[in-house]
Undergrad: 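Just passing along the structure, written as structure tokens.
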2 protein chains.
Amino acid sequence: MATIKDVARLAGVSVATVSHVINGTRPVAPETAARVWKAIKELDYHPNAVARSLRTRTTHAIGVVVSDITNPFFATLVRGAEDAAIEAGYSIIVCNSDEDLQKEDLYVNMLRRRRMDGLLIAPVRDGASPAVQELAQSGIPFVFVDRKAKGIEADAVLSDNVQGAYLATTHLLERGHTRIGIILGIKGATTTEERFHGYRLALEEHGLPIDHRLVVYGSYRAEGGQEALRALLSLSDPPTAVFSTNNLMTLGALRELRRRGVKVPEELAIVGFDELEWAELVEPPLTVVSQRPYEIGHRAIGLLLERLRDPDLKPREIRVPVDLKARGTT
Amino acid sequence: MATIKDVARLAGVSVATVSHVINGTRPVAPETAARVWKAIKELDYHPNAVARSLRTRTTHAIGVVVSDITNPFFATLVRGAEDAAIEAGYSIIVCNSDEDLQKEDLYVNMLRRRRMDGLLIAPVRDGASPAVQELAQSGIPFVFVDRKAKGIEADAVLSDNVQGAYLATTHLLERGHTRIGIILGIKGATTTEERFHGYRLALEEHGLPIDHRLVVYGSYRAEGGQEALRALLSLSDPPTAVFSTNNLMTLGALRELRRRGVKVPEELAIVGFDELEWAELVEPPLTVVSQRPYEIGHRAIGLLLERLRDPDLKPREIRVPVDLKARGTT
DNA sequence: ACGTTTACCGTAAACGATTATATAGGCCCG
DNA sequence: CGGGCCTATATAATCGTTTACGGTAAACGT
């Protein structure tokens, strides 16, 4: 593989000149530049970004740790991040933590070894693995997306979860439901807590108490939603409506409803959190609180880039709005 | 940020020794090693993978170019690739070509500058942008996934498209349909051609001619599927069944059917290509030919790693099986 | 007592770029 | 005609590792 030296030799100039015509870092006589470009073409030369990074101490790469790229929410978030990053000349390395603290730890360290210029992290639980804690000390810029780790001051871009849950619950209350079950995600995650909080706010506003048998925690997977729904339906006085607080669990809940042949919304109303591309295709169409994952990813990169320019910025938190899409299941 | 030199100094050994205890590349006295590890902890030292890469001429990173990570098919494919890669100590950089030759070109070159050890590519159309052509010359290992570029000999992992389309079409024929429309993806893509071929095979086997008004090309997006379906339904003698050859376009087609209130499968039967997590939730449940994107990604990395070990392997092609999942829409 | 083996460890030269500093040549001007 | 000034280019140090070569000292054999 050709190096800058080969190009210099072929063009009959020094490596410095080659570097400068490539990067435009200082004026070069037009004929000289032309000779250099010609040599580059001829040798099919691709500048070595690794060497460049070593020298300049910057990789123009951003690490992203999400729980699972297979989840449409994160896929879209990552896409938003990628578009924003590319736009600014950065690349992205994605890692899937699978909601596993160990993996999170592993990946964050790997990304540090690779000298990422910055990181986007959807932290596992309220957690903050050792690696994330150290990261916070290290001075390497990073921003939390979707959730944040407790006790760590850092930039964050999050959905307005409280508002979303409040909207969903209020919507159900307005339809006359008073026994409203809630299916929550991973215990301890900020998303879970905030969504529960919004649910509670709405109930309180209507003077209703919290019935703890109606609040169940699941995993973040479809199976978790399925089990959670089973638990709710097997209560002696089951709810007449359910608020499922994340997309995969909503999928599981719907599967269970269909399996049992439960009539929706007559026997049970249901509202999900997070839009799903097929929400309007199922019968009846699914009512959801929609998030804006693309925007979350995009703006997170925005924050990161700003911090890259000015490391002394104080931490900022962006809340991305959510919308209630009332459809057939409520 | 601490370097290996700092660690060496603190531990009172040479940099060579530090390097060797980190990499286990030569025996080091236990007490010495302990001192080194202690120094590493103390300094929160993270070896600089950039410098390492420059020296060893290997990045342990693999570039992946797909059309859109937001498409569940590619998300799952990438996930399969990532799992296989991580397992072997590699990281992955994902790029979205958006079926745009220019972007493909851009990204492939970027990945070369970053000195990826290898690439996974879902080439745009039959295309092969200049960058891909050069890549083929360069000797850098890469493998095609999902589709392949014509005229380039390289490893490839693909679905058995002909078989899939044959299965889908035969299934419809067996249900008595004789006018079967087909919604194809991007003209020129190998997937498109192979699926069309399978469709034709099945028709021929039943002694039916190809009616070219029944074969329509769309984009690869939902809107494309929607338009394609509209075109089919507006024929003077519309088809009684439709085979939609990719997931997003199937989504679009279903939307259009719902919008028009067409009775499925009575007025129109439909079968899609590629499984969808919600296929069983819609009414009626969607019949599809399911692919195995995870396996495609996983095995592609397998091929790549083998080639990394032995660059002289001759090109291999893996066909991943598909399955017909007969459900309610047929 | 001395050469040999063995077990550890250190020195310094790459890897391929960027960039501060130096230099060479040409031109203008008093 | 010499000095000053520009423009265009070259030289060489540097980034943080890996690793080919050696070196040193203790243990051992005779």
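All values below were derived from every heavy atom in this structure, side-chain atoms included, with hydrogens, water molecules and symmetry-related copies excluded.
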Undergrad: Using a heavy-atom cut-off of 4.0 Å across all strands, would you classify B:T3 as base, sugar-phosphate, or nothing?
TA: sugar-phosphate
Undergrad: Please report the distance, rounded to the nearest Å, between CD1 in B:I4 and P in D:dT19.
TA: 11 Å
Undergrad: OP1 or OP2 of D:dT18 less than 4.0 angstrom from a side-chain nitrogen or oxygen of B:S19, does that happen here?
TA: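 Result: yes.
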Undergrad: Kindly indicate whether the side chain of A:M110, heavy atoms from C-beta on, has any atom under 4.5 Å from the side chain of A:C95.
TA: yes
Undergrad: Would you say B:N48 places a side-chain N or O within less than 4.0 Å of OP1 or OP2 belonging to D:dC15?
TA: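 No, B:N48 has no side-chain N/O under 4.0 Å of OP1/OP2 on D:dC15.
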Undergrad: Rounded off to whole Å, could you give me the CZ-to-P distance for the A:R52 and D:dT17 pair?
TA: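 Roughly 20 Å, once rounded to whole Å.
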Undergrad: With sequence neighbours excluded, tell me which residues meet salt bridge (charged side-chain N to carboxylate O under 4.0 Å, His left out) with B:R299.
TA: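 B:R299: salt bridge (charged side-chain N to carboxylate O under 4.0 Å, His left out) contacts with B:E295.
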Undergrad: Let me have a per-nucleotide readout for nucleotides 6-14 of chain D, 5' to 3', with B, S or -, counting only protein heavy atoms under 4.0 Å.
TA: ---BBBBBB
Undergrad: Using every non-hydrogen atom in the two residues, find where A:L158 and A:V145 come nearest and quote the distance to one decimal.
TA: CD2-C, 4.4 Å
Undergrad: Rounded off to whole Å, could you give me the CZ-to-C1' distance for the A:R57 and C:dT19 pair?
TA: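 These atoms are roughly 14 Å apart.
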Undergrad: Using a 6.0 Å cut-off, check whether atom CD of A:Q102 has over 12 heavy atoms from anything other than its own residue.
TA: no
Undergrad: So which pairs with a foot in residues 34-47 of chain B pass salt bridge (charged side-chain N to carboxylate O under 4.0 Å, His left out), sequence neighbours left out?
TA: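 Sorted result for residues 34-47 of chain B: A:R112-B:D44.
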Undergrad: Rounded to whole angstroms, how far apart are CD1 on B:I22 and C1' on D:dT17?
TA: 10 Å
Undergrad: Without decimals, in angstroms, what is the distance between A:H60 NE2 and C:dA17 P?
TA: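 Computing the A:H60:NE2 to C:dA17:P distance gives 16 Å.
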Undergrad: Answer yes or no: is there a side-chain heavy-atom contact under 4.5 Å between A:Y45 and A:D6?
TA: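 SC-SC contact between A:Y45 and A:D6 ruled out.
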Undergrad: Between B:R9 (CZ) and D:dG16 (P), how many Å, whole number?
TA: 12 Å
Undergrad: Side chains of A:S91 and B:R114: any donor to acceptor distance under 3.5 Å?
TA: yes
Undergrad: Please state how far atom NZ in B:K5 lies from atom P in D:dC15, giving the value in whole angstrom units.
TA: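 Between P of D:dC15 and NZ of B:K5: 7 Å.
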Undergrad: Provide, to the nearest angstrom, the distance between the NE2 atom belonging to A:H46 and the C1' atom belonging to C:dA17.
TA: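 Between C1' of C:dA17 and NE2 of A:H46: 16 Å.
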Undergrad: When the nearest nucleotide of DNA chain D is assigned to B:L54 and to B:T25 on a heavy-atom basis, which residue is associated with the more 5' position?
TA: B:L54
